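Here is the structure we will look at, set down as structure tokens.
As the structure is a prediction and not an experimental result, all values here were calculated from the model.
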Amino acid sequence: MPTVSGEATIRVSEIFGPTIQGEGVLIGEPTVFVRSGGCDYRCAWCDTMHAVDPRFREDWRPMSPEAIWREVERLSGGRPLTVSLSGGNPAIQPFGPLIALGRAAGYGFALETQGSIARDWFTELDTLVLSPKPPSSGMATDWSAFEACLAAAGAGPRAVLKIVVFDDADYAFAREAAARHPALPVFLQPGNPVEAARSDSDSADLPAMMARMRWLIERTLADGWFAPRILPQLHALVWGHRKGV
């Protein structure tokens with residue numbers, strides 16, 4: 001196995017899988033997740049606060065790329081699959097050496113980020129999911145930083161746009177974002193009720209989730225906006241809001 005000794009450690013909130021990717025362009029794909037700790041955003045409806053809030057910092061483990069890779073290989077049984085780098089905002093962490101280890105072994109890498117921090121190792125990804133946060137998040141998108149992320153990725157990964165939609169203002173934001181970047185495939189995801197999403201429970205508010213899904217589908221079709229793919233959080237439908245699946 002190639003080594004990257006001496007590289008900076010990565011703050012890890014959790015490593016789990018194999019499971020399926022629950023959302024976006026890779027929905028349903030067998031995946032091992034490496035969730036990093038830390039984020040430069042504080043979204044009002046964040047459902048992974050255990051990987052965002054500094055209150056949980058003591059639960060985050062500083063791990064070398066080699067140690068992380070050993071765990072990924074153990075979980076996957078050495079059979080190459082997709083490794084999803086998530087967070088928090090995984091762009092904060094020095095994931096380049098880990099990606100090098102995995103690609104040498106035939107694994108693929110996907111990363112989802114809000115597009116606030118550009119990293120040169122984006123070009124080594126297979127899939128880059130850019131998920132700018134809509135008004136309901138309470139965050140403001142810096143479009144120049146977002147475009148810097150696209151520039152850093154270059155022609156390396158497949159880049160897509162994924163936006164969570166809770167209401168009319170979020171929907172308008174999604175249309176504006178898609179218009180800014182017409183070359184990016186668009187995936188829309190109806191937002192889930194905040195309290196349920198943070199519950200770490202096997203249950204989910206399925207009627208509320210499906211009602212928002214129907215609203216979003218009907219809204220896009222009525223507007224003749226046929227570009228986006230509208231998808232639920234599949235893992236929430238199957239396992240509720242339990243962590244580690």
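Of all heavy-atom pairs between Ser136 and Asp167, the closest is CB-OD2, 4.2 Å. In this structure, Pro80 and Gly78 approach most closely via the heavy-atom pair CD-O, 3.4 Å. Residues Gln93 and Thr9 share a closest heavy-atom pair of OE1-O, 4.4 Å. The minimum heavy-atom distance between Asn89 and Ser116, with the atom names listed, is ND2-OG, 3.3 Å. Closest approach of Trp60 and Arg11 over heavy atoms only: CE3-NE, 3.9 Å. What you find for Ala110 and Thr82 is that their closest heavy atoms are CB-CG2, 4.2 Å.
Distance check: Ser76 OG to Leu81 CG gives 5.0 Å after rounding to the nearest 0.5 Å. Between atom OG of residue Ser137 and atom OH of residue Tyr41 there is a gap of 7.5 Å, rounded to the nearest 0.5 Å. The distance from the OG atom of Ser13 to the CZ atom of Arg61 is 8.5 Å, given to the nearest 0.5 Å. Here the OG1-CH2 distance, from Thr19 to Trp239, works out to 3.5 Å after rounding to the nearest 0.5 Å. In this structure, the separation between NE2 on His50 and CZ on Phe56 is 8.5 Å, given to the nearest 0.5 Å. With values rounded to the nearest 0.5 angstrom, Asp53 atom CG is found 9.0 Å from Cys46 atom SG.
Residues satisfying the side chain to side chain donor-acceptor pair (under 3.5 Å) test with Glu147, not counting sequence neighbours, are none. Glu124 is linked by a side chain to side chain contact (heavy atoms under 4.5 Å, CB included) to Ile99, Arg103, counting only residues two or more places apart in sequence or in another chain. Among residues two or more places apart in sequence or in another chain, the ring pair (Phe, Tyr, Trp, His ring centres under 6.0 Å) test is passed with His181 by Phe146.
Leu130 pairs in a side-chain contact (heavy atoms from CB on, under 4.5 Å) with only one of the listed residues (Leu111, Val160, Leu150), which is Leu150.
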Quick one: do Gln21 and Ser84 satisfy side chain to side chain contact (heavy atoms under 4.5 Å, CB included)? Show the steps, please.
CA-CA 8 Å; Gln21 172 57 256; Ser84 179; 3.7 Å; yes
Would you sort out whether Phe95 and Ser36 count as a side chain to side chain contact (heavy atoms under 4.5 Å, CB included), showing the intermediate values?
CA-CA 10 Å; Phe95 272 118; Ser36 62; 4.0 Å; yes
Show, in sequence, the C-alpha distance, side-chain angles and deciding distance for Thr127 and Phe109, and conclude whether the side chain to side chain contact (heavy atoms under 4.5 Å, CB included) test is met.
CA-CA 7 Å; Thr127 304; Phe109 282 82; over 6 Å; no
Please test Val25 against Ile27 for side chain to side chain contact (heavy atoms under 4.5 Å, CB included), starting from the C-alpha separation and ending with a verdict.
CA-CA 6 Å; Val25 63; Ile27 192 167; over 6 Å; no
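For Arg119 (side chain) and Ile92 (main-chain N/O), a donor-acceptor pair under 3.5 Å exists by modelled atom type. Side-chain atoms of Gln189 do not come within 3.5 Å of backbone N or O of Gln233 as any donor-acceptor pair. Counting only distance, with no hydrogens or angles, the side chain of Ser64 and the backbone of Ala67 share a donor-acceptor pair below 3.5 Å.
Two residues are said to be in side-chain contact when any heavy atoms from C-beta on lie closer than 4.5 Å; Met210 and Leu237 meet this criterion. Under the 4.5 Å side-chain criterion, counting only non-hydrogen atoms from C-beta, Trp215 is in contact with Asp168. Residues Pro132 and Phe173 form a side-chain contact, since some pair of their non-hydrogen atoms from C-beta on lies under 4.5 Å apart. Met213 places a side-chain heavy atom less than 4.5 Å from the side chain of Pro190. Between Pro97 and Trp69, every side-chain heavy-atom pair lies at or beyond the 4.5 Å cut-off. Contact check for Ile68 versus Glu66: no side-chain heavy atoms found under the 4.5 Å cut-off. Taking 4.5 Å as the limit, every side-chain heavy atom of Leu98 sits out of range of all side-chain heavy atoms of Trp121. Between Arg158 and Leu26 the shortest side-chain heavy-atom distance falls below 4.5 Å.
Every pair passing salt bridge (Lys or Arg N to Asp or Glu O under 4.0 Å) that includes a residue from residues 22-44 is listed here, sequence neighbours excluded: Glu14-Arg35, Glu23-Lys162. Listed by first and then second residue, the salt bridge (Lys or Arg N to Asp or Glu O under 4.0 Å) pairs involving residues 92-102 amount to none (not counting sequence neighbours).
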Report, one line per pair, each donor and acceptor closer than 3.5 Å where one atom sits in a side chain of residues 222-230; sequence neighbours left out.
| residue | atom | partner | partner atom | Å |
| --- | --- | --- | --- | --- |
| Asp223 | OD2 | Tyr171 | OH | 2.7 |
| Asp223 | OD2 | Arg219 | NE | 3.3 |

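Comment: Glu176 engages Arg180 in a salt bridge, judged by a side-chain N to carboxylate O separation of less than 4.0 angstrom. Using a cutoff of 4.0 Å between basic side-chain nitrogens and carboxylate oxygens, Arg74 and Glu71 are scored as salt-bridged.
Leu188 and Met139 fall into different hydrophobic clusters, where Ile, Leu, Val, Met, Phe, Trp and Tyr residues are linked whenever their side-chain heavy atoms come under 4.5 Å apart, directly or through other members. Residues Trp143 and Ile117 fall into different hydrophobic clusters, defined by Ile, Leu, Val, Met, Phe, Trp and Tyr side chains chained together at heavy-atom separations under 4.5 Å.
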